[in-house]
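Below: one structure, written as structure tokens.
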Amino acid sequence: MGIDITCPTCGHDDRVQRVPAVRTNGTTTVSGQDYRSGVAVSSGGLIPVLGSTAIDRTYSTHLSTSLALAPLKRGSGKLVFFGLILAIPALIFFLIAIVNFSDPKATTPLAVFLIANFLLISAMATPSLLLFWIAAYRSRRNSRISRGIAASKRIWSAGYYCHRCGYCYWPHPIAPGIPARQSVTPENYRRIVWSAGGYANL
């Protein structure tokens with residue numbers, strides 16, 4: 001005996017589609033060339049520079065976006081790279097402070113020297129520390145999504161969408177707490193799926 005996949009709202013199944021298929025059909029990747037221009041410095045002065053690069057752009061419909069399995073993961077590699085670059089001046093000033101601290105001819109009072117250098121180095125290190133903090137937050141967020149994908153994917157892939165009514169539903173019980181044979185909006189469908197994966201509040 002087959003599963004009854006008729007929509008619980010309209011009672012029809014002629015415009016019913018599985019959620020993964022709706023998501024796939026609503027996402028398109030386009031490849032092409034992107035052209036860039038700029039200015040470079042050479043021994044003869046400034047010269048114009050033109051270049052091109054291969055790009056892939058992904059477009060999604062509003063419906064496809066609302067039925068996403070999980071939030072997009074955000075990379076942290078560039079943040080760490082720029083954080084390391086921004087940390088170089090603070091490191092240089094820290095080394096200079098150590099050299100000046102060991103200078104026997106220094107006349108600045110020790111307390112003033114320490115406070116001034118601490119404030120200066122802290123101010124210079126703040127941008128890099130902020131980037132490192134954001135990178136660590138993104139890594140924890142990505143790990144949380146990765147841990148929950150398996151649980152949420154089973155629930156997400158079992159759902160259907162009715163193009164006639166604009167509602168999602170599960171035709172049969174999937175897991176405790178998942179409403180079977182009840183119409184829900186795509187946004188609520190996504191919230192239920194993301195909650196099952198433990199990343200609804202990201």
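Residues Ile149 and Leu72 do not share a hydrophobic cluster, clusters being chains of Ile/Leu/Val/Met/Phe/Trp/Tyr side chains in contact below 4.5 Å. The same ILVMFWY cluster, assembled from side-chain heavy atoms under 4.5 Å apart, contains both Trp156 and Ile174. Transitive grouping of hydrophobic side chains (ILVMFWY, heavy atoms separated by less than 4.5 Å) brings Ile96 and Ile88 into a common cluster. Residue Val112 is not grouped with residue Leu120 when hydrophobic side chains (ILVMFWY) are merged at heavy-atom distances under 4.5 angstrom, including chains of intermediate members. Hydrophobic clustering (ILVMFWY, side-chain heavy atoms < 4.5 Å, transitive): Ile121 and Ile92 are in distinct clusters.
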- request: Dump the intermediate steps for side-chain contact (heavy atoms from CB on, under 4.5 Å) on Thr185 and Tyr167, then the final yes or no.
  value: CA-CA 5 Å; Thr185 63; Tyr167 286 106; 3.9 Å; yes
task: Carefully, step by step, assess Lys153 and Leu69 under the rule side-chain contact (heavy atoms from CB on, under 4.5 Å).
output: CA-CA 7 Å; Lys153 189 171 187 177; Leu69 170 61; 4.1 Å; yes
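Annotation for Ser183 and Pro8: closest pair OG-CG, 3.4 Å, computed over non-hydrogen atoms. Closest heavy-atom contact between Arg164 and Cys10: CD-SG, 3.6 Å. Shown here for Asn201 and Arg144, the closest heavy-atom pair between the two residues is OD1-NH2, 2.8 Å. When every heavy atom of Gly177 is checked against every heavy atom of Pro179, the shortest pair comes out as O-CD, 3.6 Å. Between Ser128 and Gly83, the closest heavy-atom pair is CB-O, 3.0 Å. Residues Ala180 and Pro173 come closest through the heavy atom pair CB-N, 3.5 Å.
Shown here is Phe94, whose CZ atom has no more than 12 heavy atoms of other residues, nucleotides or ligands within 6.0 Å. Within a 6.0 Å radius of OH in Tyr199, other residues, nucleotides and ligands contribute more than 12 heavy atoms.
Of the possible polar contacts, one joining the Asn142 side chain to the Arg74 backbone as a donor-acceptor pair under 3.5 Å is found. In this structure a side-chain-to-backbone donor-acceptor pair under 3.5 Å is present from Asn117 to Phe113. In this structure a side-chain-to-backbone donor-acceptor pair under 3.5 Å is missing from Ser64 to Thr61.
Taking 4.5 Å as the limit, every side-chain heavy atom of Ile192 sits out of range of all side-chain heavy atoms of Glu187. Counting only heavy atoms from C-beta outward, the side chains of Phe132 and Leu79 never approach each other to under 4.5 Å. The closest side-chain heavy-atom distance from Ile178 to Ile155 is below 4.5 Å. Contact annotation: the side chain of Val19 never approaches that of Ser157 to less than 4.5 Å [non-hydrogen atoms, C-beta and beyond]. Between Tyr161 and Val16 the shortest side-chain heavy-atom distance does not fall below 4.5 Å. Looking only at side-chain heavy atoms (C-beta outward), Asp4 and Pro171 stay at 4.5 Å or farther from each other. Proximity of Ile145 to Arg140: side-chain heavy atoms (C-beta onward) are nowhere separated by under 4.5 Å. At least one side-chain heavy atom of Leu67 sits under 4.5 Å from a side-chain heavy atom of Cys168.
Trp133 and Tyr137 have parallel rings, their planes meeting at less than 30° on a 0 to 90° scale where 60° marks the start of perpendicular.
Separation of atoms SG (Cys7) and CG (Asp14) is listed at 10.0 Å; rounding is to 0.5 Å. Of the inter-residue distances, the one linking Leu91 atom CG with Met124 atom CE reads 10.5 Å to the nearest 0.5 angstrom. Between Ser146 atom OG and Arg141 atom CZ the span is 10.5 Å, to the nearest 0.5 Å. Atoms CD1 and SG, on Ile5 and Cys162 in that order, are 10.5 Å from each other to the nearest 0.5 Å. Rounded to the nearest 0.5 Å, atoms CZ (Arg181) and NE2 (His172) are 10.0 Å apart. Interatomic distance, CH2 of Trp170 versus OH of Tyr189, reported as 5.0 Å (0.5 Å rounding).
A cation-pi arrangement is found for Arg190 relative to Trp194, the charged atom lying closer than 6.0 Å to the ring centre and inside a 45° cone about the ring normal.
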